[in-house]
Engineer: 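Pasting in a structure now, in structure tokens, and then I'll have a few things to ask.
Note on naming: letters A, B, ... go to the chains in the order of the sequence lines (proteins, then strands), and numbering restarts at 1 for each one.
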There are 2 protein chains.
Amino acid sequence: MVRQTRQRAAVADALAGLDDFRSAQQIHDLLRGDGIEIGLATVYRTLAMLASEGVVDSIRTPDGEQVYRRCAVTGHHHHLVCRVCGRAVEIDGPGVETWAGRVAAEQGFSDVEHTLELTGVCAQCRGADSGLSPAPK
Amino acid sequence: MVRQTRQRAAVADALAGLDDFRSAQQIHDLLRGDGIEIGLATVYRTLAMLASEGVVDSIRTPDGEQVYRRCAVTGHHHHLVCRVCGRAVEIDGPGVETWAGRVAAEQGFSDVEHTLELTGVCAQCRGADSGLSPAPK
DNA sequence: CATGAACTTGACAATCATTCTCATCAATAA
DNA sequence: TTATTGATGAGAATGATTGTCAAGTTCATG
Ligand SMILES: [Zn+2]
Ligand SMILES: [Zn+2]
Ligand SMILES: [Zn+2]
Ligand SMILES: [Zn+2]
């Protein structure tokens, strides 16, 4: 059975207060910074569990790091992430879903899955495109 | 200036004979197996260079490994990869490109980029979905 | 063809994210 | 309360990728 622990609650809480993707290590630092004692391995384990339950989304940054986010939307969807500040917007692409299925079928593939992520520069960051601090980290 | 070396030619040749994605270490093993002397670091460097030149495509496997493939198509495109045998098919999704641009604009994002990969099970692998050896590695 | 500046190479060390180990702790059913 | 068993965490281990730097090559030039 799955037990309720102080650590798991802490990770969930941390995710609840964020609106962009964070790595396991960042979450760990956040919690430690708040004086919460938790091991790095536990953060990794908890995030992996939440992700497999579908409670949080996880994607890989271009440099291969896994990052997690608790999304407003549940179920399958994609993201549009600001390359500057990290802000993320939920996207659902019905068009993409059907396109993927069709293309796969045409090639004789079945059980198709897909990954799709968009990146760009958000309005706020575009305006202040100097070295200024964009949006809160 | 960029110099022509035995090692770089070897990596290019290896890629030319493959139709699925391979990691730097796999390429290295292949070459060594053929009696070609080359350092692992050189393989990494060469692949990274080829990728940045756009000569080869590289994507990340679900477990975070970078894999490379020399594609028939040049320019921006996506892939449909068989989860069983690794065979890859080039896909170009004009629909997806415009969709991505529109969605980003609606959210006030600019300079949009995207990553998109499809995975599935190819016709051959579906037929023989036992523990049999699917297509040649 | 001979030369040398600059680019390449490769053995090995160093990073770095993530996972594993396993003794200890703690949630919870009874 | 107490036994059972999942959960935790410090530190080791893993594994891909990158950095180091002395020694080897390439090739424009004379
Ligand atoms: Zn932004
Ligand atoms: Zn989708
Ligand atoms: Zn391709
Ligand atoms: Zn296949």
Engineer: What's the CZ-P distance between A/R32 and D/dG9, to the nearest Å?
Structural biologist: 8 Å
Engineer: Between B/R69 and B/E90, does at least one N-O distance fall below 4.0 Å, as a salt bridge requires?
Structural biologist: yes
Engineer: So, OP1 or OP2 of C/dG10: does either fall under 4.0 Å of a side-chain N or O from B/Q7?
Structural biologist: yes
Engineer: Let's test your reading of the model: under 3.5 Å, does the base of D/dC27 pair with the side chain of B/R3 as donor and acceptor?
Structural biologist: no
Engineer: With nearest nucleotides of DNA chain D determined for B/G64 and A/V2 from heavy-atom distances, which residue corresponds to the more 5′ nucleotide?
Structural biologist: A/V2
Engineer: Round to a whole Å and report the spacing from CZ of A/R22 to P of C/dA17.
Structural biologist: 16 Å
Engineer: Distance check needed: C/dT19 P versus A/E65 CD, whole Å only.
Structural biologist: 12 Å
Engineer: Would you say a side-chain N or O of A/T5 is under 4.0 Å from OP1 or OP2 of C/dA26?
Structural biologist: no
Engineer: Over how many whole Å does the gap from B/I38 atom CD1 to D/dT25 atom P extend?
Structural biologist: 14 Å
Engineer: Which nucleotide, C/dA27, C/dG10, C/dT28, lies nearest any side-chain atom of B/R6?
Structural biologist: C/dG10
Engineer: For C/dT9, does OP1 or OP2 lie under 4.0 Å from any side-chain N or O of B/R8?
Structural biologist: yes
Engineer: Passes ring-ring contact (aromatic ring centres under 6.0 Å, His included), B/H79 versus B/F21? Steps please.
Structural biologist: CA-CA 10 Å; B/H79 302 97; B/F21 287 90; 4.9 Å; yes
Engineer: Counting the atoms with a prime plus P, OP1 and OP2 as sugar-phosphate, which does B/R45 contact under 4.0 Å by heavy atoms, base, sugar-phosphate, or nothing?
Structural biologist: base
Engineer: Determine: side-chain N/O of A/Y44 to OP1/OP2 of C/dT18, distance under 4.0 Å, yes or no.
Structural biologist: yes
Engineer: I need the CD1-P distance between A/I36 and D/dG9, as an integer number of Å.
Structural biologist: 12 Å
Engineer: I need the CD-C1' distance between B/Q66 and C/dA17, as an integer number of Å.
Structural biologist: 15 Å
Engineer: Do the non-hydrogen side-chain atoms of A/E113 and B/E117 ever get within less than 4.5 Å of each other?
Structural biologist: no
Engineer: What nucleic acid atoms does A/Q25 come within less than 4.0 Å of, heavy atoms only: base, sugar-phosphate, or nothing?
Structural biologist: base
Engineer: So, B/S110 versus A/R126: side-chain donor-acceptor pair below 3.5 Å or not?
Structural biologist: yes
Engineer: Tell me: CD1 of A/I27 to P of C/dA17, nearest whole Å?
Structural biologist: 15 Å
Engineer: Want to settle it: does A/A41 or B/A48 sit nearer the 5' end of DNA chain D, counting the closest nucleotide to each?
Structural biologist: A/A41
Engineer: Would you tell me if any nitrogen or oxygen in the side chain of A/T42 comes within less than 4.0 Å of OP1 or OP2 on D/dG9?
Structural biologist: yes
Engineer: How long is the line joining CD of A/Q4 and C1' of D/dA7, in whole Å?
Structural biologist: 12 Å
Engineer: Describe, in one word, how the ring planes of A/H76 and A/H114 are oriented to each other, choosing from parallel (under 30°), tilted (30 to 60°) and perpendicular (over 60°).
Structural biologist: perpendicular
